[in-house]
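Data block below; observations after.
Throughout, a chain's letter reflects where its sequence line sits, starting with A, and its residues are numbered from 1. Computed over heavy atoms, backbone and side chain alike; hydrogens, waters and symmetry mates excluded.
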Amino acid sequence: MPELPEVESVRRSLLPHLLGRRVASARLLRADICDTHDGTPPTHAHLLRDASIAELRRHGKQLAILAADGRALVVHLGMSGRLFVSRDSTLPTHAHALWTLDSDTRLVFEDPRRFGGIWTLPHPDALARRWADLGPDALDINGPALERALAGSRRPVKAALLDQRTLAGVGNIYADEALFAARIAPKARAGSIRGMRADDLALAIRRVLLDAIYAGGSTLRDYRDGTGQPGSAQNRHQVYARAGLPCLACGTPLRQASIAQRTTVWCPRCQSTRLGQKPKAHRARQRTRVPAG
DNA sequence: AACACCGCCTGAGCGC
DNA sequence: TGCGCTCAGGCGGTGT
């Protein structure tokens, strides 16, 4: 489930452990999770051995580790991926790559479901080219840019938000949360989101993502940051995983359907499909989830 | 061109 | 107790 807030939380938590550190050794335990830029089997050089880590950069859900000599790695966490530092010598079952730093700290990439992976890059220009295929980062989106990204599309707006070429960083959880916050029905046509509605949606996306970053991301099951800490943003979810429960703004039972092959939850009353008709009082309460069981 | 849909993969949770 | 089924989901590839 790592979406933008989780990847950003990983980035921030890793910064103090990685910046300025030299990669003393690198090991790939599963070669098939790593794609090299030159198509040759991954080597220690591909994996930044002897490099000094200069920067951690994020675009959407992708995290890049940039070395001072220009080499870079892109890490994709996919569904169940984790990237974390550890001083423990034991490795998790699905550890696929590890790096030992000159601080004797280990950086571990683990991914049970293997929807994630690592991509090697020779130069920052290659990173820029890779990321050019992605839409604008969702933390930077504004109304006019979002309107441009959605223009002409007849898809449901939910499907468009999940498309990383349209907007980078939003996944299933925060798409539902942002649409609820903006009071837009997930099935509304993407191309119909214009003007003030685009402003509303862009603002909702930024706010939902920033709130989640401040809460350290959403830990539903697997997610931990780069030091093993869970997040608490799941306690703030208004609609995700709440199908059938009362809307926190109006009490109407939340509905669920599959849109773009993703479970989608929304409030049929607050999130009107009709244009220009905004029900008045909509103020979602802050919610603390009661622990299950 | 735009969009729909499949398949990859594992572990949790459930019913029997 | 344990087996088998379903579900979760990002994204690349293929089909329409």
Side-chain angles (χ1 to χ4, degrees), chain A residues 1-10 29-37 39 58-64 74-83 91-97 108-119 129-135 137-138 148-179 186-193 205 209 212 217-224 230-231 233-234 237 239-244 256-265 291-293:
Chain A
M1 325 249 146
E3 303 181 26
L4 187 154
E6 289 74 35
V7 178
E8 179 62 16
S9 296
V10 168
L29 304 168
R30 266 198 84 109
D32 62 356
I33 59 102
C34 180
D35 271 3
T36 58
H37 54 272
R58 182 194 57 73
H59 190 89
K61 304 171 190 173
Q62 302 190 22
L63 183 65
V74 169
V75 179
H76 226 228
L77 299 178
M79 266 291 291
S80 57
R82 288 186 54 198
L83 186 66
L91 286 174
T93 310
H94 300 287
H96 303 320
V108 180
F109 174 68
E110 145 188 58
D111 184 14
R113 277 173 239 187
R114 273 181 275 140
F115 280 22
I118 296 170
W119 285 260
R129 254 177 277 126
R130 182 187 166 86
W131 283 356
D133 292 338
L134 297 173
D137 189 80
R148 279 196 301 278
L150 301 177
S153 170
R154 300 174 64 82
R155 286 194 283 183
V157 61
K158 162 87 182 251
L161 293 182
L162 292 177
D163 185 343
Q164 300 300 295
R165 291 164 302 183
T166 302
L167 183 69
V170 175
N172 200 41
I173 296 172
Y174 300 110
D176 279 7
E177 294 299 321
L179 287 167
K187 290 178 182 172
R189 276 188 191 172
S192 75
I193 311 298
I205 289 167
L209 296 177
S218 297
T219 296
L220 300 175
R221 201 160 67 204
D222 301 320
Y223 169 73
R224 297 288 187 279
Q234 68 279 5
H237 296 167
V239 288
Y240 179 80
R242 295 195 67 246
Q256 174 173 319
S258 183
I259 299 177
Q261 284 72 53
R262 294 290 171 274
T263 300
T264 302
V265 183

Open item on the list: In this structure, how many angstroms lie between the P atom of C/dC11 and the CZ atom of A/R114, rounded?
Closed with: 18 Å
Task: A/T263 side-chain N/O to C/dC7 phosphate OP1/OP2 under 4.0 Å - done: no
Task: Nucleotide C/dG12, atom C1' - distance to CG of A/D35 in whole Å - done: 11 Å
Open item on the list: Looking at C/dG9, I'd like to know if its phosphate oxygens (OP1 or OP2) sit under 4.0 Å from a side-chain N or O belonging to A/S80.
Closed with: no
Open item on the list: Suppose we screen for side-chain hydrogen bond (donor to acceptor under 3.5 Å, both in side chains). Which residues come up paired with A/T36, at least two apart in sequence or across chains?
Closed with: A/D38
Task: Atom pair distance, as rounded to whole Å: CG in A/D32 and P in B/dT10 - done: 10 Å
Open item on the list: Using five base pairs at each end to define the local axes, how bent is the helix from B/dA2-C/dT16 to B/dC16-C/dG2, to the nearest 10°?
Closed with: 50°
TODO: Would you kindly give the CG-to-P distance between A/D133 and C/dG13, to the nearest whole Å?
DONE: 12 Å
Open item on the list: Assess the residue pair A/V10 and A/V75 against the criterion (side-chain contact (heavy atoms from CB on, under 4.5 Å)); give the C-alpha distance rounded to whole Å, side-chain angles, the decisive distance to 0.1 Å, and a yes or no.
Closed with: CA-CA 11 Å; A/V10 168; A/V75 179; over 6 Å; no
Task: A/S153 side-chain proximity, nearest of B/dC3, B/dC9, C/dG10 - done: B/dC3
Task: Between C1' of C/dA8 and CG of A/D176, the distance in whole Å - done: 14 Å
TODO: Taking all heavy atoms of A/N172 and all of A/L162, pick out the closest pair and write down the distance.
DONE: N-CD2, 3.5 Å
Task: A/Y240 side-chain N/O to C/dG9 phosphate OP1/OP2 under 4.0 Å - done: yes
TODO: Rounded off to whole Å, could you give me the CD1-to-C1' distance for the A/I33 and B/dC8 pair?
DONE: 15 Å
Task: 4.5 Å side-chain heavy-atom contact, A/Q62 and A/Q164 - done: no
Open item on the list: What is the distance, to the nearest angstrom, from the CE atom on A/M79 to the P atom on C/dC7?
Closed with: 15 Å
TODO: Write down the atom of A/L134, the atom of A/H59, and the distance for their closest heavy-atom approach.
DONE: CD1-CD2, 3.5 Å
- [ ] Look at A/R154 and B/dC3 and indicate whether a side-chain polar atom (N or O) is within less than 4.0 Å of OP1 or OP2.
- [x] no
Open item on the list: Once rounded to the nearest 0.5 Å, what's the spacing between atom CD1 of A/I33 and atom CZ of A/F115?
Closed with: 15.0 Å
Open item on the list: Strictly below 4.0 Å: does A/H76 bring a side-chain N or O up to OP1 or OP2 of C/dC11?
Closed with: yes
TODO: Could you tell me whether A/D163 and A/R155 make a salt bridge, using a distance below 4.0 angstrom between a side-chain N and a carboxylate O?
DONE: yes
Open item on the list: So, OP1 or OP2 of B/dG11: does either fall under 4.0 Å of a side-chain N or O from A/H94?
Closed with: yes
Task: Separation of atom CD1 in A/I173 from atom P in C/dC7, rounded to whole Å - done: 19 Å
TODO: Taking only Lys NZ, Arg NE, NH1 and NH2, and the carboxylate oxygens of Asp or Glu, determine whether A/R58 and A/D137 approach each other closer than 4.0 Å.
DONE: yes
Task: Exercise: identify the closest heavy-atom pair between A/V239 and A/D176 - done: CG2-O, 3.5 Å
TODO: State, to 0.1 Å, how close A/A95 and A/V108 come at their nearest heavy-atom pair, and which atoms those are.
DONE: CB-CG1, 4.0 Å
Could you pull out the protein-nucleic contacts involving nucleotides 4-7 of chain B (nitrogen or oxygen on both sides, under 3.5 Å)?
| residue | atom | partner | partner atom | Å |
| --- | --- | --- | --- | --- |
| B/dC5 | OP2 | A/Q261 | NE2 | 3.3 |

- [ ] May I ask whether A/F115 stacks on the base of B/dC8, given the cut-offs of 5.5 Å between ring centres and 30° between planes?
- [x] yes
